[in-house]
Amino acid sequence: MGDGSLVFSRPHDGTGHLVFGDTGGAAAAPDAVIGLDAGLPGLDGAVLLRTGPVLCLDADLPGLEGAVELLWDANVSRGGLRHELQACWQEAAPVAAGLQARWQEATALRAATQARWQQAQRTSHGVRAHWQDTERLRGAVLSRWQEGAGLRHGVVAAWQDTERLRGAVLSRWQEGTGLRHGVAAHWQEMHRMRAAVLSHWQEAAPLRAAVQARHAQGVPTRVAVRSHWQEARRPPPGVSAVPPVEPPEPPCYDPATAGRLVFADPWDGTGRLVFVCQRGGGLPPATVVVLPRRSYIVINSVEIRRADALAGDPLPSESFQMQLNRQSWTWSWSAAFHASARDALMPGLGGQTVELEVRVNGQPFRLLAERTARSNRLAEHTINVSGRGLAAVLDAPYAPVQSFGAELDRTAQQLMTEVLTVGGVGFGWSVDFQLTDWLVPGGAWMHQGTWMGALADIAASVGGYIQPHDTSQVLRVLPSWPAPWWEWSGRSPDIELPAGIAEIEETEVVDQPLYNRIFVSGEAGGTLADLSRSGTAGDVLKQPMAVHPLITTMVAAKQRARAELSESGRALKRKMTLPVLPATGIIKPGTFMRFADEDAAIRLGLVRATSVSMQFPVLTQALEVDSHE
């Protein structure tokens with residue numbers, strides 16, 4: 001083409017390189033700066049110029065009617081292009097200027113010197129001593145003590161020999177005056193009255209009335225006669241089955257025989273009447289039954305004395321409280337004594353804790369006096385003492401922290417027995433194990449803590465707890481749920497209380513999911529069990545899984561599952577207050593009880609906490625009872 005046009009056969013690659021020669025080669029063109037100096041006469045269209053960062057344009061476009069536009073494509077490769085450098089900074093020309101100092105030497109000024117101190121003028125004055133030699137006085141005059149005058153001892157004696165009086169005068173009992181028995185009889189012969197006066201019937205007046213027969217001639221009917229007795233005969237040869245003789249049923253109230261009084265059988269001397277016949281069903285009998293009465297007479301007393309060789313008369317106490325619940329393994333108590341009991345309650349020379357014997361309405365308990373505080377108020381001087389039961393010596397601060405375990409196979413009861421030893425020898429404490437025992441392989445259980453901490457860990461592994469004996473060094477290991485609440489209907493309670501004897505102060509409703517399935521695991525080497533409540537679909541799983549190293553057999557797993565699943569469903573937690581009756585004594589946690597609620601409905605429940613309070617002369621026990629609907 002002879003017009004000098006450049007024709008590019010490839011698409012623009014953004015580099016601005018011109019390639020002359022073979023288009024299939026791989027030669028690269030050198031970097032260049034492109035300048036355009038052209039005249040475009042009669043240009044009707046637009047000129048599109050693509051170039052790199054440096055562009056020199058010098059053009060004469062006569063008769064151009066359009067517009068000249070320069071497009072800058074920034075999205076190009078800038079590597080390897082030359083461009084002119086332009087310095088943004090240049091060397092400054094030195095400029096001479098006068099210097100101006102902001103500070104200058106100050107002119108020296110003379111000023112009068114004023115001294116704040118000057119030489120003091122000597123002044124003569126008399127010397128005055130602040131101390132002087134005191135006059136000597138005779139010591140006898142200033143003595144605070146002097147020899148007392150001898151007095152007769154009989155005058156100032158706090159005690160003196162009392163005058164002997166005749167015993168008959170001071171006797172609290174004396175021979176009664178004989179009275180005629182007829183005078184003091186509770187019953188006497190009634191006055192005979194004429195029967196006619198007291199007769200409820202009298203002679204009727206004759207009346208005439210028409211007689212109407214309501215019966216007609218009967219239709220003859222044949223009825224088979226069956227005799228209950230027959231003539232005896234000798235039994236045929238062979239085996240003759242003799243029907244058993246059923247024992248006679250105890251008498252029971254029959255509504256058909258109104259007006260007949262039926263007493264309890266066997267006769268118990270109380271005159272209790274039976275108005276409801278429970279033959280063939282009814283509630284199972286309780287071990288201890290408190291009969292309903294109009295009033296209950298209880299002589300309340302709390303006697304506290306030392307349990308050692310220094311035991312004497314009861315200590316004068318103002319008030320007394322003690323508490324026990326399922327989570328605690330010993331009693332906690334507090335009492336206020338008169339100040340005269342201070343010496344009997346203070347620890348011994350070696351710091352030994354004082355052991356006390358407390359009798360609540362005759363029921364004995366052994367307690368330790370651990371803390372003593374004195375209170376002085378106007379017209380009141382008391383000693384406040386608090387502490388715990390005998391089992392406190394098995395825990396801090398009395399017991400050391402040590403490691404427990406067994407290298408050989410042991411049962412759970414044997415593990416507890418070995419815990420209560422020092423060097424393999426027991427030190428006086430024993431265990432009343434009331435759980436279902438199971439086998440624990442050697443090395444499966446390790447515990448670090450006190451004696452009581454190790455025992456509580458073994459009991460809690462299957463949902464049990466520890467309760468102290470009242471007076472002896474015995475620990476009772478009890479299940480939290482002797483029977484699950486869905487099996488209470490056929491179980492005999494320990495105590496049955498009548499309606500009205502207990503004051504129900506509060507009833508709390510606790511709703512929980514009705515769990516019927518749980519996973520129980522014994523960790524490494526233990527048993528993994530998936531247990532469900534019998535008779536249910538096992539579709540409500542309780543989370544999380546129950547885990548303990550001592551769950552090593554299915555026996556242990558079932559006990560733990562029973563305790564966990566019993567904590568489900570709608571529970572009713574009641575707080576009730578009742579007196580300490582001789583028949584019941586102090587009702588402790590774990591007691592299975594039948595009682596009447598605030599709506600007079602018969603309920604079954606387990607006692608979870610007991611609190612005894614004595615503020616003379618009132619003695620009550622407050623119970624927390626768990627029941628279910």
Side-chain angles (χ1 to χ4, degrees), residues 307 324-333 347-355 366-371 386-480 521-527 546-553 556 559-560 563:
L324 180 67
N325 55 43
R326 181 177 56 169
Q327 287 74 27
S328 61
W329 37 263
T330 189
W331 289 94
S332 60
W333 68 281
L349 297 178
Q352 295 86 355
T353 306
V354 177
E355 181 179 345
R366 289 293 182 93
L367 306 174
L368 298 179
E370 296 181 291
R371 293 171 297 276
S386 60
R388 294 176 292 175
L390 287 182
V393 299
L394 301 177
D395 198 41
Y398 308 102
V401 176
Q402 49 190 320
S403 298
F404 300 93
E407 298 180 357
L408 302 178
D409 294 354
R410 294 286 189 273
T411 64
Q413 183 175 358
Q414 289 173 344
L415 284 180
M416 285 191 168
T417 303
E418 290 185 357
V419 167
L420 296 174
T421 59
V422 176
V425 179
F427 50 89
W429 285 84
S430 60
V431 173
D432 181 11
F433 197 84
Q434 299 187 22
L435 303 175
T436 303
D437 206 358
W438 72 98
L439 183 64
V440 179
W445 176 71
M446 294 290 294
H447 181 81
Q448 186 175 13
T450 60
W451 292 309
M452 185 56 67
L455 297 175
D457 183 67
I458 298 174
S461 64
V462 292
Y465 65 99
I466 295 178
Q467 187 178 101
H469 191 273
D470 295 343
T471 57
S472 302
Q473 294 181 346
V474 178
L475 299 175
R476 303 172 61 201
V477 186
L478 306 176
S480 298
S521 175
E523 296 184 354
T527 298
V547 180
H548 198 279
L550 287 175
I551 302 178
T552 56
T553 64
Q559 291 185 85
R560 180 63 179 270

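Excluded from the calculations below are hydrogen atoms, water molecules and symmetry mates; all remaining heavy atoms, backbone and side chain alike, are included. Residue indices begin at 1 and follow the sequence shown.
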A.B. asks: Run L475 and L394 through side-chain contact (heavy atoms from CB on, under 4.5 Å) and show every step you take.
C.D. replies: CA-CA 11 Å; L475 299 175; L394 301 177; 3.8 Å; yes

A.B. asks: In Å and rounded to the nearest 0.5 Å, what is the CE to CD1 distance from M416 to I466?
C.D. replies: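 These two atoms lie 5.0 Å from each other.
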
A.B. asks: Report yes if the side chains of L390 and E355 come closer than 4.5 Å at any heavy-atom pair, otherwise no.
C.D. replies: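 Counting from C-beta outward, L390 and E355 do come under 4.5 Å.
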
A.B. asks: Going through the checks in order, is the side chain to side chain donor-acceptor pair (under 3.5 Å) test met by W445 and D457?
C.D. replies: CA-CA 10 Å; W445 176 71; D457 183 67; 2.9 Å; yes

A.B. asks: Is S521 reaching over with its side chain to a backbone N or O of E523, donor-acceptor style, under 3.5 angstrom?
C.D. replies: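 Answer holds: yes.
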
A.B. asks: Any idea which heavy atoms bring T450 and A396 closest together, and the distance?
C.D. replies: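 Smallest heavy-atom distance, with atoms named: CG2-N, 4.0 Å.
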
A.B. asks: I would like to know whether V393 and T353 meet side-chain contact (heavy atoms from CB on, under 4.5 Å); could you show each step before the answer?
C.D. replies: CA-CA 10 Å; V393 299; T353 306; over 6 Å; no

A.B. asks: Indicate the atoms forming the closest heavy-atom contact of A444 with P549, along with that distance.
C.D. replies: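 Minimum heavy-atom separation between A444 and P549: O-CB, 3.5 Å.
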
A.B. asks: side-chain contact (heavy atoms from CB on, under 4.5 Å), that's the test. Do R388 and L368 meet it? Break it down for me.
C.D. replies: CA-CA 6 Å; R388 294 176 292 175; L368 298 179; 5.8 Å; no

A.B. asks: Keeping the roles fixed (side chain from Q434, backbone from R476), state whether a donor-acceptor pair exists under 3.5 Å.
C.D. replies: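 The answer is no, because no donor-acceptor pair under 3.5 Å joins these two groups.
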
A.B. asks: Would you say Q559's side chain and T436's backbone share a donor-acceptor pair under 3.5 angstrom?
C.D. replies: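 It does hold such a pair.
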
A.B. asks: For M446 and G405, work out which heavy atoms get closest and say how close.
C.D. replies: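 Closest approach of M446 to G405: SD-CA, 4.0 Å.
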
A.B. asks: side-chain contact (heavy atoms from CB on, under 4.5 Å) for Q467 and L324? Distances and angles first, verdict last.
C.D. replies: CA-CA 9 Å; Q467 187 178 101; L324 180 67; 4.1 Å; yes

A.B. asks: Tell me, yes or no, whether the heavy-atom count around E407 atom CD, taken from other residues, nucleotides or ligands under 6.0 Å, exceeds 12.
C.D. replies: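 No, CD of E407 has 12 or fewer neighbouring heavy atoms, counting only those of other groups under 6.0 Å.
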
A.B. asks: How long is the gap from CG on L367 to OG on S386, to the nearest 0.5 Å?
C.D. replies: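 Answer for the CG-OG pair, L367 versus S386, is 11.5 Å.
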
A.B. asks: Measure across A563 and G463 and return the closest heavy-atom pair with its distance rounded to 0.1 Å.
C.D. replies: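 So the two residues come closest at CB-CA, 4.0 Å.
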
A.B. asks: Do you know the tightest heavy-atom contact between T421 and F427?
C.D. replies: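 For T421 and F427, the tightest heavy-atom pair comes out as N-CE2, 3.6 Å.
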
A.B. asks: So do Y398 and M452 actually touch side chain to side chain, heavy atoms under 4.5 Å?
C.D. replies: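 No, too far: nothing below the 4.5 Å cut-off.
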
A.B. asks: Rounded at 0.5 Å granularity, tell me how far CH2 in W438 sits from CD in Q413.
C.D. replies: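 Those atoms lie 10.5 Å apart.
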
A.B. asks: Where the side chain of D437 meets the backbone of A412, is there a donor-acceptor pair that is under 3.5 Å apart?
C.D. replies: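 Answer holds: yes.
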
A.B. asks: Is any side-chain heavy atom of Q414 closer than 4.5 Å to a side-chain heavy atom of F433?
C.D. replies: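 With C-beta onward as the side chain, the pair stays apart.
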
A.B. asks: Any heavy-atom pair between the side chains of P400 and W451 that's under 4.5 Å?
C.D. replies: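 They are in side-chain contact.
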
A.B. asks: CZ/R560 to OG1/T527 distance, rounded to the nearest 0.5 angstrom?
C.D. replies: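 Between R560 CZ and T527 OG1, I get 13.5 Å after rounding to 0.5 Å.
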
A.B. asks: Report yes or no: does T552 contribute a side-chain atom to a donor-acceptor pair with the main-chain N or O of G522 at less than 3.5 Å?
C.D. replies: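 Absent.
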
A.B. asks: Do L455 and L420 have side chains that get closer than 4.5 Å, going by heavy atoms?
C.D. replies: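 Yes. Closest side-chain heavy atoms under 4.5 Å.
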
A.B. asks: Is the shortest heavy-atom distance from the side chain of L550 to the side chain of L415 under 4.5 Å?
C.D. replies: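 Yes - at least one pair of side-chain heavy atoms lies under 4.5 Å apart.
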
A.B. asks: For P468 versus W329, what's the shortest heavy-atom pair and its separation?
C.D. replies: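 Closest approach of P468 to W329, heavy atoms only: CD-O, 3.2 Å.
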
